[in-house]
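Please read the structure below before turning to the comments.
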2 protein chains.
Amino acid sequence: MSRRQAVSPKCISRLSLYGRLLSTGVGSTSGRVYSHELARLAGVSAAQVRRDIMGLGCSGTPNTGYDVQALGSIITEYIHTPEGQRVALVGVGNLGKAILTYFSHGSKTRLRLVAAFDTARDKTGRVLHGCRCHPMEEMSDVIRRENITVGIITVPADVAQQTADALINAGVTGILNCAPVALQVPARVYVENLDITIKLETVAFFARSGRPQADG
Amino acid sequence: MSRRQAVSPKCISRLSLYGRLLSTGVGSTSGRVYSHELARLAGVSAAQVRRDIMGLGCSGTPNTGYDVQALGSIITEYIHTPEGQRVALVGVGNLGKAILTYFSHGSKTRLRLVAAFDTARDKTGRVLHGCRCHPMEEMSDVIRRENITVGIITVPADVAQQTADALINAGVTGILNCAPVALQVPARVYVENLDITIKLETVAFFARSGRPQADG
DNA sequence: CATAGTTTGTTATGCAATTCACAACGTTAC
DNA sequence: GTAACGTTGTGAATTGCATAACAAACTATG
Ligand SMILES: NC(=O)c1ccc[n+]([C@@H]2O[C@H](COP(=O)([O-])OP(=O)(O)OC[C@H]3O[C@@H](n4cnc5c(N)ncnc54)[C@H](O)[C@@H]3O)[C@@H](O)[C@H]2O)c1
Ligand SMILES: NC(=O)c1ccc[n+]([C@@H]2O[C@H](COP(=O)([O-])OP(=O)(O)OC[C@H]3O[C@@H](n4cnc5c(N)ncnc54)[C@H](O)[C@@H]3O)[C@@H](O)[C@H]2O)c1
């Protein structure tokens, strides 16, 4: 259970990707996979794959590669808790609804999106894809009762900070922020920003000058 | 027009963020802004801000900071073309519709989302927020005619690669990929991946172990 | 059993990006 | 005018990350 050493967010992101590749039919014939195979599918180098796996207490055998099942399990157990962490989403608008739909149908992650929140009365009280939308006043209670540790923010930019404050107050320690603002949070809280406009402007820039190959 | 030197995607992303901050009421009273103010709002260090700006042929004056208007213009002109690049979106599903709505209403970028594509007949032919949804057969023609250089992929994962191929064939040189696969593209094409599941799993991981502070 | 051929685990190397530190400069106060 | 303060611009130091490289290990084969 104890983490071997501090790993970077980028490393965790790659492990998450390897995990998905392993669970979606890689090496399904042999039951085994080489580092360079995973590398090609993940868009990274083979050395990178081996190095990432090294940090997990590895399991590969030379000349045969990795056991798909075993490696998948190790990665999943490293990234996730046995029960799967519980997630809440705030702001059931266009983007919020898309994410809600995705995580109840399309996604295979161990994470569970178990509650949604909104201010609009036509949203609250309803149940979308098995996930109830609560009014904001119930946030603190629901997050504690449901043991929620992660929040997704899909509210308008001008209320994103207060939404983050409310989530943190209620006990959330990780936030995926889809609003285009940099949140101010205490050091113990981890934030990732998912800013579509910035990503798109970056793509547009390199669509012209075309040099580097990168990712996020 | 000529770029001073090769800059990293992360640098461009930060410049994009500074640009937005400058255009949304930073230092609106004085008309000027300090590097440490931008830094706090962007969630980076003051030295980082100054260094990023340095690469643009800078304009700040000691003790007074930067002229908001001037710096904003310089950043915009560096990141964008004068006319604004044109963008197409493929896959008008839950996520695709949310993005379409956002870029016709909520966003202030110079980029223009001017065309959408889908296979489903109930999507094609309709006009959403001033953006027509075409059938896939018209892609090549429309992209050339409309001078589109950037594509957004919001189709299911199993058709993302063929969608990318089609976009590239039609002349697109930058792709924002929202499907959870690593696309194989020629070196001249620039790809950014926007993988919500990976981002969320990364947040969940550090919501427990809580160490680093990072971003993407 | 020995030999050839691959792939892993890991260490060393190189590179890029961020931070540090400070001189130069402008501004303000008196 | 001049002294004191605060910020910029930028070379140097540092950190972190990815690539390269290679010894050890395993399989296969005759
Ligand atoms: N839709 C996109 O593709 C897209 C792209 C980039 C960024 N974003 C950002 O994501 C966020 C949401 O975008 P959207 O298109 O879904 O907007 P939206 O207007 O469709 O949805 C916003 C939702 O938040 C709710 N809300 C408003 N104030 C609230 C509050 N104080 N507490 C709780 N809920 C509140 C509203 O009732 C609404 O349901 C915005 O910050 C937007 O900038 C969206
Ligand atoms: N919705 C989310 O929040 C979310 C989160 C993470 C990842 N994603 C990814 O984004 C993509 C889209 O997700 P979604 O929820 O919008 O799915 P969706 O099923 O709602 O939309 C998919 C759209 O693509 C169209 N399509 C199907 N095949 C096509 C083809 N060959 N060419 C052109 N169009 C085609 C469909 O008609 C549909 O309109 C998926 O790859 C999904 O994994 C979505």
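Proteins come first, then strands; the chains are lettered A, B, ... in the order of their sequence lines, and each starts at number 1.
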Inset, instruction - Hey, which sits more toward the 5' end of DNA chain D by its nearest nucleotide, A:Thr64 or A:Arg51? - result: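 Going by which nucleotide is closer to the 5' end, it is A:Arg51.
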Please check the phosphate of [N] (OP1 and OP2 only) for any side-chain N or O of [X] closer than 4.0 Å.
X       : N      : result
A:Arg50 : D:dA18 : no
A:Ser45 : D:dT19 : yes
B:Ser35 : D:dT7  : no
A:Gln48 : D:dC17 : no

Distance, rounded to the nearest Å, where [X] contributes [atom1] and [N] contributes [atom2]:
X       : N      : atom1 : atom2 : value
A:Met54 : D:dA21 : CE    : C1'   : 14 Å
A:Ile74 : C:dT8  : CD1   : P     : 14 Å
A:Leu56 : C:dT8  : CG    : C1'   : 15 Å
A:Leu71 : C:dT8  : CG    : P     : 11 Å
B:Tyr34 : C:dG26 : OH    : C1'   : 11 Å
A:His36 : C:dT8  : NE2   : C1'   : 12 Å
B:Lys10 : D:dG16 : NZ    : P     : 13 Å
B:Asp52 : D:dG9  : CG    : C1'   : 13 Å

Inset, instruction - Mark yes or no for whether A:Arg110, through its side chain, and A:Thr76, through its backbone, hold a donor-acceptor pair below 3.5 Å. - result: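 No: the side chain of A:Arg110 does not pair with the backbone of A:Thr76.
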Legend entry - Greater than 12 external heavy atoms within 6.0 Å of A:Gln69's CD: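 Incorrect, the count does not exceed 12.
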Inset, instruction - Flag yes if more than 12 heavy atoms outside A:Gln184 fall under 6.0 Å of its CD atom; otherwise flag no. - result: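 Buried by this count: over 12 neighbours within 6.0 Å.
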Inset, instruction - Apply side-chain contact (heavy atoms from CB on, under 4.5 Å) to the pair B:Phe103 and B:Leu111, showing each step before the final yes or no. - result: CA-CA 9 Å; B:Phe103 277 97; B:Leu111 303 173; 5.6 Å; no
Inset, instruction - Could you work out which one of C:dT8, C:dT11, C:dG5 sits closest to the side chain of A:Asn63? - result: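 Of the options given, the side chain of A:Asn63 lies nearest C:dG5.
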Legend entry - Candidate nucleotides D:dA20, C:dT19, C:dG26, ranked by approach to the side chain of B:Ala47 - the nearest: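 Closest nucleotide to the B:Ala47 side chain: C:dT19.
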Inset, instruction - Would you give the length of the straight line joining atom OG of A:Ser140 to atom CZ of A:Arg145, rounded to the nearest 0.5 angstrom? - result: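 Answer rounded to 0.5 Å: 11.0 Å.
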Inset, instruction - Remember a base hit wins even if backbone is also touched, and classify B:Arg32 as base, sugar-phosphate or nothing at under 4.0 Å, heavy atoms. - result: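 Here B:Arg32 touches no strand at all.
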